[in-house]
K.L.:
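Please find one structure pasted underneath; my questions will follow.
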Amino acid sequence: MKRIILIGFMGCGKTSVGKRLAHSQKLPFVDMDEKIVERLGMPITEIFARYGETYFREIETQVLHQLMSQTENCVISAGGGVPMQQQNRIYMKEHGLVIYLKAAVDTLVDRLQDDTSRPMLHGGDLRAKIIALQSARTPVYEAISDIQVDTDGKELGQIVREIHNILAKK
Ligand code: S3P
């Protein structure tokens with residue numbers, strides 16, 4: 001069984017790294033957010049606007065459970081909030097290898113500046129929002145991960161190669 005789960009803050013590159021990593025590992029790639037959008041037939045901003053965050057988190061947990069029980073060999077990009085629920089952490093630890101993609105606040109502000117697709121960052125000052133959310137989440141990301149990779153100032157190919165090399169030694 002080879003189930004690789006990428007975690008980290010919004011904008012840290014889970015989807016782009018995940019796609020490339022999946023290719024280099026010859027595994028299928030699964031994006032949790034995409035599964036949620038498919039399941040509910042609407043974009044994440046609309047799910048939040050119509051049903052609220054609590055509902056989104058319930059669906060997120062259901063999708064995670066389904067993936068952990070149905071899809072064995074794959075690379076999964078987990079939404080930034082997934083590790084914040086204890087039951088999700090237990091599932092991820094039990095069923096996969098968790099890789100944390102680390103990114104500094106400046107990198108995230110840069111990447112998320114023009115983004116409108118993440119309701120957790122809507123309204124108010126983007127940097128302040130990132131700092132507040134990141135400080136609550138970083139200890140959780142660190143505690144749950146098996147591998148941590150710095151992404152700041154690195155090109156996609158370099159990040160993927162680093163992960164590939166770490167996995168080859170495991
Ligand atoms: C969220 C992250 C998003 C998406 C939703 C909530 C979060 O996924 O699941 O907007 O709470 O961090 P990405 O981390 O892939 O952007």
Side-chain angles (χ1 to χ4, degrees), residues 3-22 28-68 71 74-89 91-92 96 98-145 147-152 154 156 159-160 163:
R3 197 185 279 118
I4 298 165
I5 307 168
L6 298 176
I7 64 161
F9 204 83
M10 291 166 269
C12 71
K14 298 179 294 277
T15 302
S16 28
V17 170
K19 280 184 182 161
R20 279 258 208 131
L21 183 66
F29 171 70
V30 183
D31 188 308
M32 278 190 62
D33 286 336
E34 240 174 57
K35 290 268 166 212
I36 296 170
V37 168
E38 264 172 37
R39 189 194 265 222
L40 297 186
M42 65 184 88
I44 287 176
T45 39
E46 200 176 328
I47 302 172
F48 269 71
R50 280 167 80 156
Y51 306 110
E53 186 186 348
T54 308
Y55 179 73
F56 174 81
R57 298 300 174 198
E58 278 167 24
I59 302 296
E60 196 173 52
T61 297
Q62 284 174 22
V63 166
L64 180 71
H65 289 197
Q66 204 171 23
L67 285 176
M68 298 295 114
T71 327
C74 58
V75 175
I76 298 172
S77 165
V82 174
M84 300 315 290
Q85 309 215 44
Q86 199 196 0
Q87 52 180 330
N88 295 351
R89 291 199 285 278
Y91 266 103
M92 290 196 279
V98 181
I99 303 180
Y100 169 28
L101 300 183
K102 296 166 77 167
V105 174
D106 284 343
T107 308
L108 297 173
V109 171
D110 242 28
R111 291 194 190 145
L112 296 166
Q113 222 153 33
D114 301 317
D115 183 271
T116 53
S117 69
R118 274 116 167 162
M120 295 298 289
L121 301 174
H122 286 175
D125 179 62
L126 177 65
R127 177 176 289 270
K129 287 212 160 205
I130 291 175
I131 291 172
L133 261 185
Q134 203 196 34
S135 64
R137 289 178 172 189
T138 300
V140 176
Y141 293 156
E142 284 176 353
I144 192 203
S145 49
I147 296 168
Q148 300 184 14
V149 179
D150 280 311
T151 65
D152 295 316
K154 290 180 189 164
L156 187 57
I159 300 166
V160 174
I163 299 174

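Numbers here are sequence positions counted from 1. Each ligand, and each atom within it, is numbered from 1 in the order the structure gives. These values consider heavy atoms only, across backbone and side chains, with no hydrogens, waters or symmetry-generated copies. These numbers were taken from a predicted model, which means no experiment stands behind them.
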K.L.:
Work out whether the distance between some heavy atom of Glu53 and some atom of ligand 1 is less than 4.0 Å.
P.N.:
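False for this residue.
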
K.L.:
Is a side-chain donor or acceptor of Thr151 paired with a backbone partner of Lys102 at a separation under 3.5 angstrom?
P.N.:
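Checking the backbone N and O of Lys102 against the side chain of Thr151, a donor-acceptor pair under 3.5 Å is found.
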
K.L.:
Treating Arg127 as the side-chain partner and Val109 as the backbone partner, does any N or O pair qualify as donor plus acceptor under 3.5 Å?
P.N.:
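Judged by distance alone, no pair lies under 3.5 Å.
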
K.L.:
Ligand 1 and Ser77, any nitrogen or oxygen pair closer than 3.5 angstrom?
P.N.:
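The answer is no, given that Ser77 and ligand 1 share no N or O pair closer than 3.5 Å.
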
K.L.:
Is the contact between Met10 and ligand 1 made by the side chain, the backbone, both, or neither, using heavy atoms and a 4.0 Å cut-off?
P.N.:
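Answer for Met10: both.
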
K.L.:
Ligand 1 versus Lys14, non-hydrogen atoms closer than 4.0 Å: side chain, backbone, both, neither?
P.N.:
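Side chain only.
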
K.L.:
Does the Lys14 side chain pair with the main chain of Gly79, one donor and one acceptor, at a distance under 3.5 Å?
P.N.:
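Looks like no, no N/O pair under 3.5 Å.
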
K.L.:
Within the distance-only criterion (no hydrogens, no angle test), does the side chain of Asp31 pair as donor or acceptor with the backbone N or O of Asp33 below 3.5 angstrom?
P.N.:
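Confirmed, Asp31 side chain pairs with Asp33 backbone.
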
K.L.:
Any side-chain to backbone donor/acceptor pair from Arg111 onto Cys12? Under 3.5 Å, distance only.
P.N.:
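Flag set: sc Arg111 to bb Cys12 pair under 3.5 Å.
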
K.L.:
Side chain of Lys35, backbone of Val30: donor and acceptor closer than 3.5 Å?
P.N.:
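No.
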
K.L.:
Going by the order shown, which atoms of ligand 1 are within less than 4.0 Å of some heavy atom of Arg137?
P.N.:
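Counting from 1, the qualifying ligand atoms are 7 (C), 11 (O), 12 (O).
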
K.L.:
Please confirm whether Gly81 comes within less than 3.5 Å of ligand 1 when only nitrogen or oxygen atoms on both sides are compared.
P.N.:
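Yes, since at least one N or O of Gly81 sits under 3.5 Å from an N or O of ligand 1.
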
K.L.:
Where on His122 is there a heavy atom closer than 4.0 Å to ligand 1, on the side chain, on the backbone, on both, or on neither?
P.N.:
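No part of His122 is near ligand 1 at this cut-off.
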
K.L.:
Report yes if some N/O of Gly80 lies less than 3.5 Å from some N/O of ligand 1; otherwise report no.
P.N.:
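Yes; the residue has a nitrogen or oxygen that sits under 3.5 Å from a nitrogen or oxygen of the ligand.
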
K.L.:
For ligand 1, which atoms sit closer than 4.0 Å to a heavy atom of Asp33?
P.N.:
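With Asp33 as reference, the close atoms of ligand 1 come out as 3 (C), 4 (C), 8 (O), 9 (O), 13 (P), 15 (O).
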
K.L.:
Strictly distance-based, threshold 3.5 Å: is any side-chain N or O of Glu53 a donor or acceptor partner for the main-chain N or O of Met120?
P.N.:
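The answer is no, because no donor-acceptor pair under 3.5 Å joins these two groups.
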
K.L.:
Of the choices Arg118, Glu34, Arg57, which has the non-hydrogen atom that lies closest to atom 11 (O) of ligand 1?
P.N.:
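The option holding the nearest heavy atom is Arg57.
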
K.L.:
Can you list the atoms of ligand 1 that are under 4.0 Å from a heavy atom of Pro119?
P.N.:
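Result: 10 (O).
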
K.L.:
For the CD atom of Glu60 and the CG atom of Asn88, what is their distance to the nearest 0.5 Å?
P.N.:
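Here the interatomic distance stands at 6.5 Å.
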
K.L.:
May I ask you to list the atoms of ligand 1 that are less than 4.0 angstrom from any heavy atom of Gly79?
P.N.:
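Under 4.0 Å from Gly79, ligand 1 has these atoms: 8 (O), 9 (O), 14 (O).
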
